[in-house]
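This report refers to the structure that appears directly beneath it.
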Amino acid sequence: MSKFSLILLYLNFLFTISSSSTLIPLGSTLQASNRNQSWSSPNTSFSLSFIPVTPSSFVAAITYNAGDVIVWSASDGSNGTGDGASLVVNSGGTLNLLSNGALRLTNGSGAIVWDSATANRGVSHASLDDLGNFQLLNNESVPIWSSFQNPTDTLVPSQNFTVGMILRSGSYSLTLDRSANLTLNWNDTIEYWSLGFNSSINGNLTSPRFMLQSNGILVGLDPSFARGMINMAFTTDYGESNDVFRFLRMDNDGNLRIYSSSTGNNGSGNITQTWAAVTDQCQVYGFCGNMGICSYKDSKPVCGCPSQNFEPVNEHDGRKGCKRKVEIEDCPGDVTMLQLEHTMFLTYPPELSDQLVTLAIVACRTNCLASSTCTASTLVADGSGFCYLKTPDFVSGYQGAVLPSTSFIKVCGQAIPNPSPYQEASAKDNDSLHTMVIVSVVMASLLALVVVGIGFWCLLYSNRNKSGRMSVQYELVDYASGAPVKFSYKELQQSTKGFSERLGEGGFGAVYKGTLANRMVVAVKQLEGIEQGERQFRIKVATISSTHHLNLVRLVGFRCEGRHRLLVYEFLKNGSLDKFLFTSKDQSGKSLKWENRFNIALGTARGITYLHEECRDCIIHCDIKPENILLDEAYTAKVSDFGLARLMNPKDHRHLSLASIRGTRGYLAPEWLANHPITSK
Ligand SMILES: *[C@@H]1O[C@H](CO)[C@@H](O)[C@H](O)[C@H]1NC(C)=O
Ligand SMILES: *[C@@H]1O[C@H](CO)[C@@H](O)[C@H](O)[C@H]1NC(C)=O
Ligand SMILES: *[C@@H]1O[C@H](CO)[C@@H](O)[C@H](O)[C@H]1NC(C)=O
Ligand SMILES: *[C@@H]1O[C@H](CO)[C@@H](O)[C@H](O)[C@H]1NC(C)=O
Ligand SMILES: *[C@@H]1O[C@H](CO)[C@@H](O)[C@H](O)[C@H]1NC(C)=O
Ligand SMILES: *[C@@H]1O[C@H](CO)[C@@H](O)[C@H](O)[C@H]1NC(C)=O
Ligand SMILES: *[C@@H]1O[C@H](CO)[C@@H](O)[C@H](O)[C@H]1NC(C)=O
Ligand SMILES: *[C@@H]1O[C@H](CO)[C@@H](O)[C@H](O)[C@H]1NC(C)=O
Ligand SMILES: *[C@@H]1O[C@H](CO)[C@@H](O)[C@H](O)[C@H]1NC(C)=O
Ligand SMILES: *[C@@H]1O[C@H](CO)[C@@H](O)[C@H](O)[C@H]1NC(C)=O
Ligand SMILES: *[C@@H]1O[C@H](CO)[C@@H](O)[C@H](O)[C@H]1NC(C)=O
Ligand SMILES: *[C@@H]1O[C@H](CO)[C@@H](O)[C@H](O)[C@H]1NC(C)=O
C-alpha cells in the first residue's frame, strides 16, 4: 500500500470518524469520553469502542451489533494470566494505536492499563473485519497480533480455538490439549468437564482446533481428518435461520455456553442460551466457593453454608464461599465431624485417584477426623463404599435430595446443623417442635389404636413386645432427621411437564415420568383414595424412604397438599417385569437372557427378604407381582409399591371385604384371605 493512500485513508478517518472503515492507520485514537467514536467492520456488524460499565467507567471492547454482545475486551487475561476481568478505565481513558505499532489502553491518569506488546514489530496498520477479528498487520498484511489469537472469554463463529489458547473467567478457564480434549478447569488445576474426540482418532492429530460454526454446531477439526471435521456439540436451534448470531462464552459461573442473539433489525438483540457444557450447574467445581454448598431452589442453583458453624465470606454474595466461625486451629482437642446427608464434595481429576479409599460410613468419618491433613470426607452411597478424603483446603459442596451420598466436614466444637431445606417438617416447625411432637404423639396414639382395633395391619415390628403406640412415637422422633424431600405441586407439575407422560397405571394410581431440576429422571405416582392426615402420611413416607436396598425402588420425595398425594420414585429404564413375561411370542426382542432371569429372581427375593425380615421396621409387601418388579438398565430387579398398603384409609371398613383389598387376586398372601396372623414367612 502506498504512503499516499494511507494518508488519504487517515484523512478520511479523521473526518468521518464514526463511519465504517477497513483500515485503521497508526496514530488513531479512541476516547472513552466520546461515545460516538468507534472502529467498525465494513458492514458494521462489529466495532471496537469504549463501552460504559457505569456512567463514569468504561471498557475497551469489540462488540457485535452496536454493543449487544461483547466478543473481546482489553482484559487482565488477554495474555494468558490474570482472571480475565475486563480492565476498567475512567472517562479520561484512551485507546491508542501508537506510531510504533502498539495498541495501548491508558487510564485518565496516564497509567498504562493494557498493551498489545507489538511495539517496533513492523505493524503498519490495523483492521477489523466482518467476522469480528481485529488485527494489527504489517505492510505485507501479515497479522502480528489479532483478537482471534488472543481471545478473552468469547468465541465467535469461524474463530479458531487452538492448543495453547485460553478462555478465562474468574477462576475458570477453557483449554484445548494436544489430544484434542477440550476441558473446563478451576484454578487451572481441577478439571471438571471435558469433551474430546473418539479415542480411536486421538493418536494421529497434528494441530487440532475447535470452532463454532455459524449454524450452531461446535466442530472439531484437524488436518488429518479425511472428512474435514467432526461434530462435537449441537445447539438447540442449530441449523435455524440465518439472522441469528451465535457465540460461545466461558461464563463466570464456570459453565461454557453457546448463545443465540436474534439480530433483529435494530439492535436490542434477544440473547438466549442454546447449549451448556455442564448441564447440572451444581457440578461445576467451586461454584459456591470454598466450603459453599450448592443446591437447587425453584430449579435455580443457590449457594449456602454447610451448617451454622459456618458463615458466608460475603453476606451479599453466596458464591464467595463460607468460613468457619471458629477455625480448626483455634480449638485443639475439640474438633468434631459435621455430618451432611444427601451431600457430596465434588471430586474431579487430578484429585480423584490419590484421595480415594473404600470405607464404611463410620470409618469415612473417623479416618478423616483422625487425620491432621483431612478437612472433609465424602462417602458415595452407591454401593461402592468409596470414601473421598479431601486434603486440599478447598472443598466444593453439592446438596440435593436425591444425591446418594453422605459427607463430613471438620468443625470446632459441637456441630449445629442447618435447618435443612429437605426436611420441611422439622425446619418449619422448629420452634414449636415440642408441641408438635406431643400433639402428634397423642393423635398418632389414637390413630394407632384405631388401626390396631380394627385389625387393619399389614406391618410387623421386629420387636413384637413394643406396643403400637410406642412404635409410632419412635418413628416420629427417629425420622424427623431423615425425611425425604417434600416437593410442591408446582415443582412436580413442572418436572412432569404437566403430568403429560404417563408411564402406566399402578394399583394405587397413575404413574408419570418427570425430570427434576437436577436432571434426575423420576417416576411420579399419583396416589388415589388416601385420606390420612398430612403428618401421618409423612411418617409413613419417611418409613418407606428410610428403607434402602439395592433391590428396592428408591423413594425420592413426596407431595401432600390437599387431598391428593404424590410419591416420587427413581425412574427405572427397563420398566416392569410383566412387559417381558407377558408378551406375545412374536415379540422376541423383549425376551430376557437366562442370566438376567436368574438375577431377577434372586434380586426380587433379596428385596422381599430385606423388606420382610431385615429392615428395622418391617413392611409386608402384600402385592408381589411382576407389575411391581421393575428393572433398571442393567436388569437389576427392584421391588416397588412396598409400604403403600399402610397408607390406605384405616377408617374404610370396606377393606374387610375381599373386593376392596388393594392387592391383586392371585398374588395375595394366603394369610390375608384366611384371616391368619401375618408372619414374615
Ligand atoms: C455524538 O452524536 C450525537 C448524535 O448522533 C451528537 O448529537 C453529538 O454531538 C455527538 N457527540 C460528539 C462528541 O461528537
Ligand atoms: C500479562 O499482563 C500482565 C499485566 O497486564 C503482566 O503483569 C504480566 O507480566 C503479563 N504476563 C505475561 C506472561 O506476559
Ligand atoms: C483507572 O483510574 C480509575 C480512577 O482513577 C481507577 O478507579 C481505576 O481502577 C483505574 N483503572 C485501572 C485498570 O487501573
Ligand atoms: C457482515 O458480514 C458478515 C460476514 O460476511 C456476515 O456474516 C454478516 O451477516 C454481515 N452483516 C450484515 C449486517 O450485513
Ligand atoms: C515492508 O517493510 C519492509 C521494511 O520494514 C520493506 O523491506 C518491505 O519492502 C515492505 N514491503 C512492502 C510491500 O512495502
Ligand atoms: C482457522 O484455522 C485454519 C487452519 O489453520 C485457517 O485456514 C483459517 O483461516 C483459520 N480461521 C480464522 C478465522 O483465522
Ligand atoms: C480426555 O479427558 C478425559 C477426561 O479427563 C480422559 O478420560 C481422556 O483420557 C482424555 N483423552 C486423552 C486423549 O487424553
Ligand atoms: C490454585 O492453584 C495454586 C497452584 O496452582 C495453589 O497454590 C492455590 O492454592 C490454588 N488456589 C486454591 C484456592 O486452592
Ligand atoms: C469410535 O470410532 C470407532 C471407529 O470410527 C467406532 O467403531 C466407535 O464406536 C467409536 N466410539 C465412540 C465412543 O464413538
Ligand atoms: C494413525 O496412525 C497409525 C500409524 O501411525 C495408523 O496405523 C492408523 O491407522 C492411523 N489412524 C487413523 C484413524 O488414521
Ligand atoms: C428499525 O429502525 C428503522 C429506522 O430507525 C425503522 O424504520 C424500522 O421500522 C425499525 N425496525 C424494527 C423491526 O424495529
Ligand atoms: C426472546 O426469545 C425467546 C425465546 O426464543 C422468546 O420467547 C421471546 O419472546 C423473545 N423476546 C423478544 C423480546 O423477542
Side-chain angles (χ1 to χ4, degrees), residues 20 22 32-33 40-47 50 52-66 68-69 71 73-78 80-95 104-115 127-133 148 156-159 168 170-173 175 185-192 212-216 241-247 254 261-267 269 285-292 313 319-323 345-346 348 350-351 375-376 390-396:
S20 69
T22 329
S33 56
S40 295
S41 70
N43 74 9
T44 68
S45 285
F46 293 93
S47 55
F50 279 100
V53 185
T54 68
S56 61
S57 59
F58 304 85
V59 296
I62 300 173
T63 58
Y64 174 78
N65 206 15
D68 270 0
V69 181
V71 298
S73 64
S75 73
D76 206 8
S78 303
T81 58
D83 67 358
S86 297
L87 294 161
V88 176
V89 295
N90 56 24
S91 57
T94 55
L95 185 66
R104 178 174 287 179
L105 177 65
T106 48
N107 212 347
S109 59
I112 299 170
V113 173
W114 179 86
D115 189 290
S127 83
L128 179 60
D129 65 25
D130 281 336
L131 298 175
N133 193 10
F148 271 21
V156 298
S158 81
Q159 181 171 0
R168 206 178 268 288
S171 313
Y172 299 102
S173 57
T175 56
N185 311 284
W186 174 84
N187 194 26
D188 293 327
T189 47
I190 304 283
E191 177 191 317
Y192 57 91
L212 176 64
Q213 293 184 315
S214 56
N215 63 2
S241 109
N242 294 330
D243 53 351
V244 174
F245 171 71
R246 299 183 170 90
F247 59 98
S261 166
S262 54
T263 38
N265 298 330
N266 300 347
Y285 194 88
F287 174 64
C288 286
N290 190 18
M291 296 191 281
V313 169
R319 289 203 44 213
K320 292 275 186 288
C322 302
K323 58 175 193 281
F345 291 127
L346 301 179
Y348 292 114
E351 272 192 301
T375 54
K390 313 291 283 185
T391 48
D393 287 338
F394 197 94
V395 291
S396 173

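All residue numbers in this chain count up from 1 along the given sequence. Read the numbers this way: they start at 1 and go in the same order the structure lists the ligands and their atoms.
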What are the atom names and distances for all N or O pairs under 3.5 Å between ligand 3 and the protein?
| residue | atom | partner | partner atom | Å |
| --- | --- | --- | --- | --- |
| ligand 3 | 2 (O) | Asn107 | OD1 | 3.2 |
| ligand 3 | 2 (O) | Asn107 | ND2 | 2.2 |
| ligand 3 | 5 (O) | Asn90 | ND2 | 3.4 |
| ligand 3 | 11 (N) | Val88 | O | 2.9 |
| ligand 3 | 11 (N) | Asn107 | ND2 | 2.8 |

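Heavy-atom contacts of Asn187 reach the following atoms of ligand 8: 1 (C), 2 (O), 3 (C), 8 (C), 10 (C), 11 (N), 12 (C), 14 (O) (cutoff under 4.0 Å). Proximity to Asn43 (heavy-atom distance under 4.0 Å) selects the following atoms of ligand 4: 1 (C), 2 (O), 3 (C), 8 (C), 10 (C), 11 (N), 12 (C), 14 (O). Atom numbering of ligand 8 starts at 1 in the shown order; those under 4.0 Å from a heavy atom of Trp186 are 12 (C), 13 (C), 14 (O). Counting the atoms of ligand 4 from 1 in the order shown, those under 4.0 Å from a heavy atom of Ser45 are 1 (C), 10 (C), 11 (N), 12 (C), 13 (C).
Every ring pair (Phe, Tyr, Trp, His ring centres under 6.0 Å) that Phe247 has, sequence neighbours left out, goes to Phe245, Tyr259. Every residue two or more places apart in sequence or in another chain was checked for a side chain to side chain donor-acceptor pair (under 3.5 Å) with Arg319, and none qualifies. The side chain to side chain donor-acceptor pair (under 3.5 Å) check on Asn133 picks up Ser147, with sequence neighbours excluded.
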Evaluate the criterion side chain to side chain donor-acceptor pair (under 3.5 Å) for residue pair Ser45 and Asp130; output intermediate values, then yes/no.
CA-CA 6 Å; Ser45 285; Asp130 281 336; 5.3 Å; no
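Remark: Glu351 CD to Phe345 CZ distance equals 11.5 Å, nearest 0.5 Å.
At distances below 3.5 Å, at least one donor-acceptor pair connects side-chain atoms of Tyr172 with backbone N or O atoms of Phe287. Judged by distance alone, with hydrogens and angles left aside, the side-chain atoms of Ser41 form a donor-acceptor pair with the main-chain N or O of Phe46 at under 3.5 Å. Asp129 contributes a side-chain N or O that, together with a main-chain N or O of Gly132, makes up a donor-acceptor pair within less than 3.5 Å.
Considering backbone and side-chain N/O atoms, Thr189 never comes within less than 3.5 Å of an N/O atom of ligand 8.
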